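Notes follow once the structure below has been shown.
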Amino acid sequence: MHSTTQVRHFINAHKILTPLIIIGLMFYYDFFGILAWVYLSLHGTYCLLWMIKESNYRDKRFEQNIHPLLGFIFVFCTLAGYWIAPFIIISNNMVAPNWLIALSITVTIIGIFYHYVSDAHKHAVLNVKKGLITTGLFSRTRNPNYFGEMLIYSGFAMLAQDWIPLLPLVYWWTYFIRNMLKKDKSISRYPEYEEWKKKTGLLFPKVFVK
C-alpha cells in the first residue's frame with residue numbers, strides 16, 4: 001500500500017520555505033535593494049498569515065490525501081513557480097518606479113483582505129450552520145477567496161516587470177476558474193442560489209446590484 005500525506009503539507013512546506021528562499025537569493029546575489037526588501041516583506045508576510053490561518057481555520061479541502069510523489073510534483077513544484085518573480089528581481093538587482101511599488105503593495109493588501117477575511121467568515125458560518133454563504137464578502141462575489149489570492153500574486157508578479165512570472169499565474173488561475181465553475185454547479189442545488197447569483201459576480205465583486 002502506498003503511503004499518503006495531505007495536500008496541505010506540501011502547501012505549508014512551500015509557505016515556510018518561501019521567505020527563506022528569498023533571503024537566500026538576497027545573500028547569494030548580494031543584493032539588498034529596496035525592491036528585494038519590499039518583495040520579501042509582502043510575500044513573507046503573506047506566508048506568515050497563511051500559517052496563522054492554517055493553525056486556526058485551515059481549509060478542509062487541503063486535508064485530502066495525496067501520494068507524496070504526486071504531491072511533490074503537482075503541488076509543491078507548481079507552487080515553486082511563484083519563486084520566479086523574486087529570482088528575477090534579485091538576480092538582476094532590479095529597481096522599480098515608486099508608483100509601481102505603491103501599486104503592488106495596494107493590490108497585495110486588498111488581496112490579503114479578501115482572501116483571509118472570506119476564509120475566516122466561511123469557517124465561522126459553516127461551524128454554526130452548513131449551507132450557502134451569501135453574506136459578508138460573499139454578498140458581492142461568489143468567490144472572494146479566489147479573487148483575493150489572484151490579487152495577491154498579481155501584486156507580487158508586477159514587481160518583476162517581466163512576463164515570465166505570469167506563467168505560474170496562468171496555470172493556477174486556470175485551476176481556480178475550473179474550481180469556481182465546479183463549485184457553481186454544485187451549489188446550484190440550493191433554492192436561494194439563483195437569486196444570489198444575480199447579485200454576485202463569479203469572481204469580481206459586483207459594485208452595482210439592483
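Fair warning: this is a prediction, and the values are worked out from it, not measured in the lab. Hydrogens, waters and symmetry mates play no part in the numbers below; they use all other heavy atoms, side chains included.
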From CD1 (Ile109) to OG (Ser104), nearest 0.5 Å: 9.5 Å

What orientation do Tyr153 and Phe156 show, parallel under 30°, tilted 30 to 60°, or perpendicular over 60°? perpendicular

Within a reach of under 6.0 Å around CZ of Phe204, are more than 12 heavy atoms found that belong to other residues, nucleotides or ligands? no

ILVMFWY cluster, Val95 and Leu25 together (side-chain gap under 4.5 Å): no

Can you tell whether the side chains of Glu194 and Lys197 come within less than 4.0 Å, N to carboxylate O? no

If you measure from CD on Glu149 to OG on Ser154, what distance do you get to the nearest 0.5 Å? 10.5 Å

Does Val107 belong to the same Ile/Leu/Val/Met/Phe/Trp/Tyr cluster as Leu100, with side-chain heavy atoms less than 4.5 Å apart forming each link? yes

Should the ring pair Phe76 and Phe72 be called parallel, tilted or perpendicular, given that the plane angle runs from 0 to 90° and is split at 30 and 60? parallel

Classify the ring geometry of Trp50 against His115: parallel below 30°, tilted from 30° to 60°, perpendicular beyond 60°. parallel

Report yes if some heavy atom in the side chain of Phe147 is under 4.5 Å from a heavy atom in the side chain of Leu137; otherwise report no. no

Is it the case that atom CG in Asn56 sees more than 12 heavy atoms from other parts of the structure closer than 6.0 Å? yes

Does the ring centre of Phe74 sit less than 6.0 Å away from the ring centre of Tyr175? no

Quick one: does Arg140's side chain have a donor or acceptor within less than 3.5 Å of a partner on Val207's backbone? yes

Looking only at heavy atoms, which two atoms of Leu166 and Asp162 are closest? And how far apart? CG-O, 4.4 Å

Using side-chain heavy atoms (C-beta onward) and a distance below 4.5 Å, is Tyr46 in contact with Tyr116? yes

Nearest 0.5 angstrom please: Ile22 CD1 to Tyr39 OH, how far? 5.5 Å

Go through the steps to decide whether Tyr29 and Asn92 satisfy the test side-chain hydrogen bond (donor to acceptor under 3.5 Å, both in side chains), and finish with yes or no. CA-CA 9 Å; Tyr29 288 101; Asn92 291 290; over 6 Å; no

Is atom CZ of Phe176 surrounded by more than 12 heavy atoms (other residues, nucleotides or ligands) closer than 6.0 Å? yes

For the residue pair Arg142 and Leu202, establish whether any side-chain heavy-atom pair is separated by less than 4.5 Å. yes

I'd like to check Ile187 versus Trp196 (side-chain heavy atoms, cut-off strictly below 4.5 Å). Are they in contact? yes

Considering non-hydrogen atoms only, spot the tightest contact between Pro97 and Gln161 and give its length. CD-OE1, 4.1 Å

Who passes salt bridge (Lys or Arg N to Asp or Glu O under 4.0 Å) against Glu54, sequence neighbours left out? Arg8, Arg58

CD1/Ile152 to OG1/Thr45 distance, rounded to the nearest 0.5 angstrom? 11.5 Å

Can you confirm whether Asn65 sits close enough to Gln6 that some side-chain heavy atom of one is under 4.5 Å from a side-chain heavy atom of the other? yes

Non-hydrogen side-chain atoms of Pro86 and Ile21 separated by less than 4.5 Å: no

State, to 0.1 Å, how close Thr18 and Cys47 come at their nearest heavy-atom pair, and which atoms those are. CB-SG, 3.7 Å

Can you confirm whether the side chains of Asn127 and His123 place a donor and an acceptor under 3.5 Å from each other? yes

Can you confirm if the aromatic rings of Tyr114 and Tyr146 lie within a centre distance of less than 6.0 Å? no

For Asn145 and Asn143: C-alpha separation, side-chain torsions, deciding distance, then whether side chain to side chain contact (heavy atoms under 4.5 Å, CB included) applies. CA-CA 5 Å; Asn145 46 349; Asn143 295 281; 4.1 Å; yes

So do Phe138 and Thr200 actually touch side chain to side chain, heavy atoms under 4.5 Å? no

Are Tyr28 and Ile84 connected in the hydrophobic side-chain network, where two residues link if heavy atoms are under 4.5 Å apart? yes

Applying the side chain to side chain contact (heavy atoms under 4.5 Å, CB included) test to Ser186, which of Arg189, Lys182, Lys183 qualifies? Arg189

Heavy-atom closest contact (Ala157 atom, Pro165 atom, distance): CB-CB, 4.1 Å

Could you go step by step and tell me if Phe31 and Met94 meet the side chain to side chain contact (heavy atoms under 4.5 Å, CB included) rule? CA-CA 9 Å; Phe31 178 62; Met94 290 185 69; 5.6 Å; no

Nearest 0.5 Å, what's the CG-CG distance between Leu103 and Leu159? 9.0 Å

For the pair Lys60 and Leu126, evaluate side chain to side chain contact (heavy atoms under 4.5 Å, CB included) and give the outcome as yes or no after the intermediate values. CA-CA 11 Å; Lys60 300 296 183 183; Leu126 293 181; over 6 Å; no

Under the side chain to side chain contact (heavy atoms under 4.5 Å, CB included) rule, what do Met51 and Lys15 come out as? Steps first, then yes or no, please. CA-CA 8 Å; Met51 295 311 297; Lys15 297 295 187 283; 4.2 Å; yes

Got a second to check how far Ile90's CD1 is from Trp37's CH2, nearest 0.5 Å? 10.0 Å

State, with a plain yes or no, whether a side-chain heavy atom of Thr135 is found less than 4.5 Å away from one of His121. yes

Is there a path of hydrophobic side-chain contacts, each under 4.5 Å between heavy atoms of I/L/V/M/F/W/Y residues, joining Ile133 to Tyr57? no

Hydrophobic clusters here meaning ILVMFWY residues chained together by side-chain heavy-atom distances under 4.5 Å, can you tell me if Met180 and Val170 are in one? no

